[in-house]
Amino acid sequence: MNQLSDRINNLSTSQTLAMAAKARELKAQGKDIISLSLGEPDFNTPDFIKEAAKKAIDENYSTYTPVDGYVELKEAICRKFKRDNGLDYKPSQIVVSTGAKQSLYNIAQVMLNEGDEVILPAPYWVSYYEIIKLSGGVPVVVPTSVETDFKITPQQLEAAITSKTKMMWFSSPCNPSGSVYNREELTALAKVLEKHSNIYVVSDEIYEHINFSGTFCSIASVPGMFERTVTVNGVAKAFAMTGWRIGYIGGPEFIAKACTKMQGQVTSGANSIAQRATIAAVDANPEVLKDMVNAFHSRRDLVIGLINEIPGLKVNVPEGAFYVFPDVSYYFGKTLNGYEIKNADNFSMYLLEYANVATVTGDAFGNPDCIRFSYATSEALLTEALRRIKDALA
Ligand code: PMP
Ligand code: GLU
């Protein structure tokens with residue numbers, strides 16, 4: 001008899017976390033692995049945020065927090081949405097959660113019934129697909145390719161809509177492609193959605209500040225979209241706070257209320273100290289992130305330059321986040337060092353074995369021609385990793 005539920009048996013393991021764990025395990029065995037698998041800044045959390053956390057401990061912020069977050073934090077998040085995105089959310093429209101991952105899970109749980117379709121432009125972030133499935137939804141994947149900078153067109157969106165479409169989920173800047181949708185592109189997508197007033201959008205903006213394009217647009221700020229968008233954000237990436245586990249949403253009040261109800265039965269309010277620290281983070285002028293963003297920018301240029309020297313890899317120039325997503329399909333069907341590369345999974349495993357570099361297969365993101373590198377590591381390690389990859393493919 002199978003002791004575990006169908007629910008868990010049907011759930012795939014997170015490929016980003018699995019590859020990171022594998023790289024860690026090989027390193028512990030003494031192998032010289034360079035891990036470009038996990039999307040995690042290699043910077044420390046800024047001191048002013050750490051100070052706010054220390055103060056919170058001393059001030060005894062040690063009890064249960066309100067399920068939807070401290071009111072001071074929700075007010076600070078409203079100021080942030082206004083300052084950075086031109087969005088006028090009220091505190092009653094904000095829910096603070098244990099990471100943006102929980103924010104996304106809450107949304108799926110409160111919005112989806114069995115069989116509801118969710119449009120996922122691919123490549124999508126790995127966990128969207130599984131969270132939607134886990135909540136009874138049916139992911140409808142809309143493929144894109146390196147040739148179109150991995151962005152969907154209004155025509156593709158229109159063609160994917162059926163009477164069962166409930167939502168569309170996407171990230172911009174995109175994990176894994178780094179693509180950033182500009183205002184015109186989002187307005188064109190919104191025009192399609194205008195005709196289907198029952199469709200809601202999840203806009204995952206967690207990489208908002210790691211953006212080299214010079215502009216950023218929240219789809220909720222496009223006319224007609226505010227009432228039908230849930231804007232997801234968090235402090236993990238921009239403020240190098242992945243372990244602090246704070247994410248949040250701004251959205252229609254009925255969705256915020258429902259997410260609060262869900263969270264109240266599952267985790268209660270998010271961590272008290274991390275919430276107090278997050279007030280300092282979201283109230284800070286994004287200028288404080290300049291050095292970190294500049295470092296990511298120059299790493300991006302370095303990595304793109306090195307990838308372009310490797311025959312057969314095709315890549316877009318990502319405008320944000322800290323990933324590159326090269327198309328490696330040129331190598332499919334080829335045998336290197338006696339290892340037959342049939343697909344992106346094989347390609348990624350080949351690099352792990354023959355270049356000692358950990359990456360993530362594009363399959364995990366709904367694009368079977370690509371693999372993902374995270375460049376959230378030092379220029380020296382990136383240079384060495386790309387040298388090894390070039391040698392292993394020669
Ligand atoms: N969305 C995207 C696109 C991400 O890359 C991540 C990375 N973990 C998350 C959400 C989840 O963020 P958090 O660490 O706040 O749960
Ligand atoms: N978002 C990061 C990534 O895509 C962290 C891993 C995860 O949360 O799955 O690598």
Side-chain angles (χ1 to χ4, degrees), residues 11-24 35-42 45 69 73 77 95-108 120-132 134 150 168-181 201-211 218 230-249 259 263 266-267 270-271 274-275 277-278 281-282 296 318 320-325 348 358-367 370-377:
L11 187 74
S12 302
T13 298
S14 163
Q15 292 293 307
T16 47
L17 300 183
M19 198 50 155
K22 192 165 178 77
R24 238 178 258 136
S35 182
L36 308 184
S37 57
L38 197 61
E40 165 152 83
D42 57 330
T45 304
L73 174 55
I77 290 168
V95 181
V96 179
S97 298
T98 303
K101 211 177 235 178
Q102 188 187 22
S103 304
L104 292 161
Y105 182 74
N106 283 342
I107 297 165
L120 285 187
Y124 46 77
W125 181 46
V126 54
S127 293
Y128 296 168
Y129 195 94
E130 294 301 318
I131 287 174
I132 289 162
L134 193 57
F150 297 109
M168 172 173 95
W169 287 29
F170 76 110
S171 62
S172 173
C174 174
N175 177 1
S177 69
S179 303
V180 179
Y181 283 89
V201 171
V202 167
S203 177
D204 182 344
E205 304 180 2
I206 197 154
Y207 295 98
E208 169 187 14
H209 294 303
I210 305 170
N211 181 353
S218 292
V230 187
T231 308
V232 176
N233 210 324
V235 288
K237 311 293 171 171
F239 296 95
M241 291 175 73
T242 48
W244 296 66
R245 311 304 308 129
I246 298 289
Y248 56 86
I249 62 163
C259 290
Q263 185 162 295
V266 181
T267 51
N271 177 283
Q275 283 197 56
T278 299
V282 294
F296 282 130
F322 35 62
Y323 307 102
V324 288
F325 199 58
S348 175
T359 58
V360 184
T361 171
D363 257 335
F365 307 94
N367 187 320
C370 300
I371 64 163
R372 188 188 79 172
F373 300 101
S374 159
Y375 58 82
T377 193

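One is the number of the first residue; the rest follow in order along the sequence. Order of appearance sets the numbers: ligands from 1, and atoms from 1 within every ligand. Treat the numbers as computed from the prediction; the structure is a model and nothing was measured.
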From Phe322, Trp125, Tyr128, Trp244 - option closest to atom 10 (C) of ligand 1 by heavy atom: Trp125

Gly99 neighbourhood, listing ligand 1 atoms whose heavy-atom distance to it stays under 4.0 Å: 15 (O), 16 (O)

Numbering as shown, the atoms of ligand 1 that approach Asn175 to under 4.0 Å (heavy-atom distance): 3 (C), 4 (C), 5 (O)

Sub-3.5 Å N/O-N/O distance, Tyr207 and ligand 1: yes

Min heavy-atom dist Gly234 to ligand 1 below 4.0 Å: no

Under 3.5 Å: N/O of Thr242 near N/O of ligand 1: no

Interatomic distance, Arg372 atom CZ to Asn175 atom CG [nearest 0.5 angstrom]: 4.5 Å

Non-hydrogen atoms of Phe322 and Ile210 that approach each other most closely: CE2-CD1, 3.7 Å

Residue-ligand contact Lys237/ligand 1, heavy atom below 4.0 Å: yes

Exam field: side chain Thr359 to backbone Ser37, donor-acceptor pair closer than 3.5 Å: no

Over all atoms of both residues, closest heavy-atom pair of Asn233 and Ile206: OD1-CA, 3.6 Å

Atom pair CG/CG of Leu17 and Leu38 - distance to nearest 0.5 Å: 6.5 Å

Atom 2 (C) of ligand 1 [closest protein heavy-atom partner, distance rounded to 0.1 Å]: Asp204 OD2, 3.3 Å

Shortest protein contact, atom 12 (O) of ligand 1 (heavy atom only): Ile206 CD1, 3.5 Å

Qualifying residue for ring-ring contact (aromatic ring centres under 6.0 Å, His included) with Phe170, from Trp125, Phe150, Tyr181: Tyr181

Check: Tyr129 ring centroid to Tyr124 ring centroid under 6.0 Å: yes

Numbering as shown, the atoms of ligand 1 that approach Ala236 to under 4.0 Å (heavy-atom distance): 14 (O), 15 (O)

Heavy atom of Arg245, distance to ligand 1 below 4.0 Å: yes

Heavy atom of the protein closest to atom 15 (O) of ligand 1 (residue, atom name, distance): Ala100 N, 2.7 Å

is_close_aromatic(Phe373, Phe325), centroid dist under 6.0 Å: no

Would you mind listing each N/O atom of ligand 2 next to any protein N/O under 3.5 Å, plus the distance?
unit_1   : atom_1 : unit_2 : atom_2 : d
ligand 2 : 1 (N)  : Lys237 : NZ     : 3.1
ligand 2 : 4 (O)  : Trp125 : NE1    : 3.0
ligand 2 : 4 (O)  : Asn175 : ND2    : 3.0
ligand 2 : 4 (O)  : Arg372 : NH1    : 3.0
ligand 2 : 8 (O)  : Lys101 : NZ     : 3.1
ligand 2 : 9 (O)  : Thr16  : OG1    : 2.8
ligand 2 : 9 (O)  : Lys101 : NZ     : 3.4
ligand 2 : 10 (O) : Gly39  : N      : 2.8
ligand 2 : 10 (O) : Arg372 : NH2    : 2.8

Lys101 neighbourhood, listing ligand 1 atoms whose heavy-atom distance to it stays under 4.0 Å: 11 (C), 13 (P), 16 (O)

Close N or O approach (Thr98, ligand 1; < 3.5 Å): no

Polar contact flag for Ile246 and ligand 1 (N/O pairs, less than 3.5 Å): no

Met241 and Thr278: CA distance, side-chain angles, deciding distance, side chain to side chain contact (heavy atoms under 4.5 Å, CB included) verdict: CA-CA 9 Å; Met241 291 175 73; Thr278 299; 4.1 Å; yes

